[in-house]
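Just so it is clear, the model here is predicted, and its values are computed rather than measured.
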Amino acid sequence: TILSKRNDASAQYERFASTSGQAVAGILWDTVEFADNSNSSDEPVAMVRRNVSFKSEKIINFSTYEAAVRAALTTCEFT
């Protein structure tokens with residue numbers, strides 16, 4: 001899942017959707033289910049963003065946001 005930093009004081013991340021003010025911040029390492037079943041949480045999760053080789057077909061919505069992801073994550077490789 002492609003992540004973007006939220007535009008509020010929460011210091012949380014959200015799914016990138018190319019909306020106003022969003023910028024690609026990284027890729028969620030694995031699917032996360034929060035213990036409280038909410039859409040947001042302060043639970044720590046792994047995010048990668050530098051010097052990583054990705055299989056692009058494994059990234060949710062990569063084909064839709066490929067240009068933005070490649071522009072933001074310039075040290076990463078997408079195969």
Side-chain angles (χ1 to χ4, degrees):
T1 302
I2 305 163
L3 297 177
S4 174
K5 184 126 172 136
R6 289 177 55 165
N7 292 325
D8 59 21
S10 71
Q12 294 178 335
Y13 291 83
E14 62 188 351
R15 179 179 286 184
F16 178 77
S18 192
T19 59
S20 178
Q22 276 194 321
V24 173
I27 306 294
L28 185 64
W29 182 258
D30 200 0
T31 301
V32 175
E33 293 183 22
F34 298 126
D36 61 3
N37 292 320
S38 69
N39 289 336
S40 62
S41 175
D42 287 327
E43 183 177 329
V45 298
M47 176 181 78
V48 291
R49 60 190 180 111
R50 291 192 183 118
N51 303 319
V52 181
S53 181
F54 294 101
K55 286 189 173 188
S56 57
E57 70 269 8
K58 300 286 188 180
I59 300 172
I60 297 170
N61 294 325
F62 180 79
S63 60
T64 304
Y65 303 120
E66 180 176 359
V69 171
R70 287 183 184 274
L73 306 177
T74 58
T75 63
C76 296
E77 175 183 68
F78 301 92
T79 59

Shortest non-hydrogen pair, L3 vs I27, comes out as CD1-C, 4.4 Å
Those residues at least two apart in sequence (or on a different chain) that pass ring pair (Phe, Tyr, Trp, His ring centres under 6.0 Å) with F78 are F54, F62
Value for CZ (R6) from CD (Q12), rounded to nearest 0.5 Å, stands at 5.0 Å
Next on the checklist: When you measure from the side chain of E66 to the backbone of S63, do you find a donor-acceptor pair of N or O atoms at a distance under 3.5 Å?
Outcome noted: no
| said: Test your reading of the model: is there a side-chain donor-acceptor pair from S4 to the backbone of Q22, 3.5 Å cut-off? | reply: no
Between K5 and A25, the two heavy atoms sitting closest are N-CB, 4.1 Å
* Asked: When clusters are formed by joining ILVMFWY residues with side-chain heavy atoms under 4.5 Å apart, either directly or through shared neighbours, do W29 and V69 land in the same one?
  -> yes
Are F16 and Y13 in one and the same hydrophobic cluster, where Ile, Leu, Val, Met, Phe, Trp and Tyr link if side-chain heavy atoms are under 4.5 Å apart?
no
The reported gap from CZ in R15 to CG in N61 (rounded to nearest 0.5 angstrom) is 6.5 Å
Can you establish whether the number of heavy atoms outside R70 located under 6.0 Å from its atom CZ is more than 12?
yes
Flag side-chain contact, heavy atom, 4.5 Å: I2 against I60: no
Rounded to the nearest 0.5 angstrom, the OG1-CZ distance for T74 and R50 is 9.5 Å
Closest non-hydrogen atoms of C76 and R49, given as atom of the first, atom of the second and distance, are SG-O, 3.6 Å
Residues A72 and V24: closest non-hydrogen pair is CB-CB, 3.6 Å
Taken in chain and number order and not counting sequence neighbours, the residues that satisfy side chain to side chain donor-acceptor pair (under 3.5 Å) with S53 are E77
Under 4.5 Å between side-chain heavy atoms, hopping through other hydrophobics if needed: is there a path connecting V45 to I59? no
Is T1 reaching over with its side chain to a backbone N or O of L28, donor-acceptor style, under 3.5 angstrom?
-> no
